[in-house]
Asks: 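Structure in C-alpha cells, see below.
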Amino acid sequence: MTNSFDDIPFFDEEPAPRKNPEPAAGGLGIAARAMAARDQRRAAPDYLSGLNPEQREAVETLDGPVLVLAGAGTGKTRVLTTRIAHILATGRAFPSQMLAVTFTNKAAREMKERIGVLVGGAVEGMPWLGTFHSIGVKLLRRHAELAGLRSDFTILDTDDVIRLIKQLIQAEGLDDKRWPARQFAGMIDGWKNKGLLPKDIPEGDARAFANGKGRELYAAYQARLKSLNACDFGDLLLHPIAIFRQNPDVLKDYHDRFRYILVDEYQDTNTAQYMWLRLLAQRPKGVAQNVCCVGDDDQSIYGWRGAEVDNILRFEKDFPGAKVIKLERNYRSTEHILGAAGHLIAHNEGRLGKTLFTDRVDPDDEKVIVHAAWDSEEEARAVGEEIERLQRGDGNGNSGGKKHALNDMAILVRASFQMREFEDRFVTLGLNYRVIGGPRFYERLEIRDAMAYFRLTCQPADDLAFERIVNTPKRGLGDTTVRYLHDYARARDIPMLAAASEIIETDELKPKARKALFDLVQNFRNWQQKLEAVTHLELAEQILEESGYTDMWKNDKSAEAPGRLENLKELIRSMEAFESMRGFLEHVSLVMEAEQNEDMDAVSIMTLHSAKGLEFDTVFLPGWEEGLFPHQRALDEGGRSGLEEERRLAYVGITRAKHRCHIWFVSNRRIHGLWQSTMPSRFLDELPPSHVEVAASDNSYGGYGGRGGYGQSRFDKAEPFANSYSTPGWRRAQANRTDATRDNWGTRSGHAVERIGYGESGPRGRTIEGELVAKSVADTPSKFSIGDRVFHIKFGNGNISAIEGNKLTIDFDKAGQKRVLDGFVERV
DNA sequence: GATAGCCGTATTTTT
DNA sequence: TACGGCTATC
C-alpha cells in the first residue's frame, strides 16, 4: 500500500513566521545554537550523564529524522524520555509543541511519569503525549464536523461493531451464517489498518465477501456509523487522515504546532498509522523533519494485526537524510541469555541486524536451561517446583542461597490455554500467581450492560447501547418489538430511543409492551435531566437501581451473580476519578484496562505477546513444541514470514529474562481434549549450545512412568531423547527421536501422518522436516472396534468404549476415561 | 418470549 | 474438553 502516499499534499510554501513568544525552533538562530553548544561543552546537564555514547547521540540529535534501533533492554524508554527532557531543557520547544505517540496506554503513562521525574513534574503540559488512538480522538473531537460527525461522537468497541455489521448483513438479505459478521468485522479492520476506504479496497477483497457485496457492505457500514454519530477504532486514525488531506489549512496548523515528533515501538505501526504520521511529519522542502522513531525490528510481533515491519525497515528511504542509531548495549540480561537470544534471532532474514552485548561477565551466571517433560501436567508441576525452589533459596545450581521473590518470576506462554494448567497447579500448591491480560474488566457482560445505560443517557442517539439494554433486564420487549422500533427509527431517520418515545404515544404496540417501553423512555428522560443536576456517581447508582439492573443480578441465583454485583460496585468506584459521566465513558472506550493488585508477591502468568516491554529476573518459557510454538496456524497462514514472527516471539520471550531463563517442552499435550504426541520446537535447535544447558532429567521420568502404572514400556525405546538431549549431539538426538516417533506411532493405519518439508522456506535453504500432523479423518474407518483391549503410551491399558472416526473413547484401567486419536493406541 | 440442548469451533490482542 | 451461538421447543 505504499503508493497510497503519492497524494499526500506537500507544502512548498515557506513556513509562516512565528510570531508567538515561543522559543526559537531548531536551526533558526545561529547565535542561539552557538550559545547552546557552548553551554553544553561547559557542563552536560545531569540528565545526560550516565547515558552511553549511542544513547546520548540519540538524545542529542535533534534536527532531522532519527531512527533509533533499540534492542531489548538497551534503555529505549530512557532515551525517549531523556530526549523529551532535553528538548524542553534546551528550550527547543514547549511541551505543547511535541507530539509523542505510543501504542499502549501503559507505555504512555510510563513515559509521562518518567519525564515527570526528569523535568520535575511539569508534564501536565504535554497534551500531545498519548496513544495513536487517544491523540486521534483528540484531533477528531476538534474537527469532527470535517468528518461528518458531531464532536460528541461515540467510540464503538469490537462487540458493538460486530452487532452492527450483523444487522447490516441481515438487512442486505444475506445469510449471516454463511457470511459471519465477525469475519467481516475482521476484514474491515484489516482494510482500515491499511488505510483503505470502501472505494480503495482491492476488487478481489470486495468480491470475496457477501456474494460480491463486500464493498457495498463496507460503505453501508461507514454510512451507518455516521448516522449513529459513531466511530470504530480504525476511524480514529482514518478520519484524521482524511481531514488532513482534504483540509491543508488544518494540517498546516499542526505542522506549525508540532516541532518534534516522537514515536515509540515504531515496528508495530500499521499502514494507517504510518500515513497519519507521514502527514504530520511532512515539512516544507528544506526544513528538517524532526521525527524520531524508536523501535526494534526483532521485536515486531504484531504482523497478524496489521503491523508493517516494513515501516521500520525502510525508514531511511521515507525520511531522506535520516540518522540511524543502533542501541546494542544491553543492561538487562546475562551474556548467556543474550547469546541464546541472539543466535536464535539470527535465523531470521530481512532484519536490520543488531547484536546485543553486555559488559557484565559473571562466571556464576546460569546458562539458558532446556527441560523436557512428559506432558503438560508434569511441565506445570516441574515449573512449580522450580519456582518454589527459587523462592526458598535452595541450593540449586547457581541460584543457591538467595531467596527470590515471586514478583521476579514469570511464566510466558504462547497461547492462553496453556495458562490453565499452571493455574491449577499453583492453586493446589498454594502459590500466589497473577494472570496478566486475559478477559478484561470492561469487556465483562455486566460492565458492558451498565456502560450501555450510561452511554444512552449521555448519548440518546446510541442505538447500539439502546438495543443492548432495551430488554435487559427482561421487560417483555422481545425481538418483535425491537425490530418494529428499529424499522420505525430507520424509516424516520431518528435514533431508536426517539422512535420509542414517539411510538408509546400510539397504539401500535400491545399494552404490555407499550407500558414497558413507556417506563423505559421515562427513565431515560429522567436520567438525562439529572445529568447536570446530580453527581455522576449518584446518577450511575440510580440508573442501575431504577432500571432494575442490579435487582436482576440480586435475583439471579447462579454462582457468578455475586461477583457481577461486586464488579458493578467496582465500576462505580472507578468512576470517582472522573469529573463527569462523559469523561468516564471516553476513558473507558480508550483504556480498556483496569488496574491489577500489585501488592501481593506473585508469579506472573501471561502470553508472550503481553510480555513485550517487561522484564523479570527469572523467566519460564513452557510449550516449546512444534505446532504450538511455532504455532501451526502461524505457519499455515503466514508461511515463511509467519515462522519469522514466531521466532521473534521466541526472542522476545528469552530477552525478558535478566538472570535465569528456563525453557520447557513436553512430549504429550492435550489439544482440544485429545492427547497428541508432540515434537520439540525447531527453535530449540536454533539455540547455541555454548549458552544453553540441557537439564539432566530433573523431571522424574522413571518415577513418573511408574506412577501411572505403565512403567517400563516401549516408551523407553521411543524416548532416547530425554536423556541424550545433550549439547553436541543435539541434532542427532532429535533425528533419532523423530524416527522413533514415526516408527512407533507414525505408520499406524487410519489417521494421516504427514511429513511436511519446509525445504524452500527454511532460513538459508535449511530443510526443516519432521512435522508430525495428526489429522482428524472422520470418514476413514477405524481398525478398532468397541470393546477392544488397547495400550496407550500415557494411560496404559484400557477398553474402547466408543469410536467416532479416528477418535476413540477408552476406559483406561488406571487413568479413567479419555479420548485419544487411534494412532496413539495399539491393540494388545 | 424464554429456555434447553446441539453444533461447530478452537492463536497471539491493543485501541 | 469447553464455550458460545443458534435452533427447536414449550
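To find a chain, count down the sequence lines: A is the first, B the second, and so on, and within it residues start at 1. Worth saying up front: this structure is predicted, and the values here are computed from it rather than measured.
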Asks: Rounded off to whole Å, could you give me the CZ-to-P distance for the A:Arg670 and C:dT1 pair?
Replies: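 These atoms are roughly 8 Å apart.
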Asks: Separation of A:His609 atom NE2 from B:dT14 atom C1', in whole Å?
Replies: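 The distance from NE2 of A:His609 to C1' of B:dT14 comes to 11 Å, rounded to the nearest Å.
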Asks: Could you tell me which residues satisfy ring pair (Phe, Tyr, Trp, His ring centres under 6.0 Å) with A:Phe629, sequence neighbours excluded, listed by chain and number?
Replies: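 Expected list: A:Trp624, A:Phe683.
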Asks: Are A:Phe184 and A:Trp179 an aromatic pair, judged by ring center distance below 6.0 Å?
Replies: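 No, the ring centres sit 6.0 Å or more apart.
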Asks: Would you please name every residue forming a side chain to side chain contact (heavy atoms under 4.5 Å, CB included) with A:Ile504, sequence neighbours left out?
Replies: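 Side chain to side chain contact (heavy atoms under 4.5 Å, CB included) check on A:Ile504 returns A:Leu517, A:Phe518, A:Val521.
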Asks: Name all residues meeting the salt bridge (charged side-chain N to carboxylate O under 4.0 Å, His left out) criterion together with A:Arg468; count only those two or more places apart in sequence or in a different chain, and write none if there are none.
Replies: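 Residues passing salt bridge (charged side-chain N to carboxylate O under 4.0 Å, His left out) with A:Arg468: A:Asp159, A:Asp449.
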Asks: With sequence neighbours excluded, tell me which residues meet ring pair (Phe, Tyr, Trp, His ring centres under 6.0 Å) with A:Phe616.
Replies: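 For A:Phe616, no residue satisfies ring pair (Phe, Tyr, Trp, His ring centres under 6.0 Å) once neighbours in sequence are set aside.
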Asks: Taking ring pair (Phe, Tyr, Trp, His ring centres under 6.0 Å) as the definition, give me every residue that meets it alongside A:Phe578, ordered by chain and number, with sequence neighbours left out.
Replies: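 Ring pair (Phe, Tyr, Trp, His ring centres under 6.0 Å) list for A:Phe578, sorted by chain: A:Phe584, A:His587.
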Asks: Mind checking if A:Thr481 touches a base, just sugar-phosphate, or nothing, with heavy atoms under 4.0 Å?
Replies: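 Answer is sugar-phosphate: A:Thr481 comes under 4.0 Å of backbone atoms only.
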Asks: Go through the structure and list residues passing salt bridge (charged side-chain N to carboxylate O under 4.0 Å, His left out) with A:Glu615, not counting sequence neighbours.
Replies: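 Residues passing salt bridge (charged side-chain N to carboxylate O under 4.0 Å, His left out) with A:Glu615: A:Arg332, A:Lys658.
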Asks: What is the nucleic acid contact for A:Gly234, judged by heavy atoms within less than 4.0 Å: base, sugar-phosphate only, or nothing?
Replies: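 No contact.
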Asks: Where along nucleotides 2-10 of chain C does protein come under 4.0 Å, by heavy atom, of base (B) or sugar-phosphate alone (S), with - for untouched nucleotides?
Replies: S---SS---
Asks: With sequence neighbours left out, what residues match A:Phe132 under ring pair (Phe, Tyr, Trp, His ring centres under 6.0 Å)?
Replies: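 With sequence neighbours excluded, A:Phe132 shows a ring pair (Phe, Tyr, Trp, His ring centres under 6.0 Å) to A:Phe103, A:Trp276, given in chain and number order.
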Asks: By nearest heavy atom, map A:Met419 and A:Asn471 onto DNA chain B; which one lands nearer the 5' end?
Replies: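 On the 5' side of the pair lies A:Asn471.
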Asks: Provide a list of protein-nucleic acid N or O atom pairs under 3.5 angstrom, restricted to nucleotides 4-11 of chain B.
Replies:
unit_1: B:dT11; atom_1: O4'; unit_2: A:His631; atom_2: NE2; d: 3.3

Asks: For B:dT13, take OP1 and OP2 only and decide whether either is under 4.0 Å from a side-chain N or O of A:Thr607.
Replies: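 Checking A:Thr607 against B:dT13: at least one side-chain N or O falls below 4.0 Å of OP1 or OP2.
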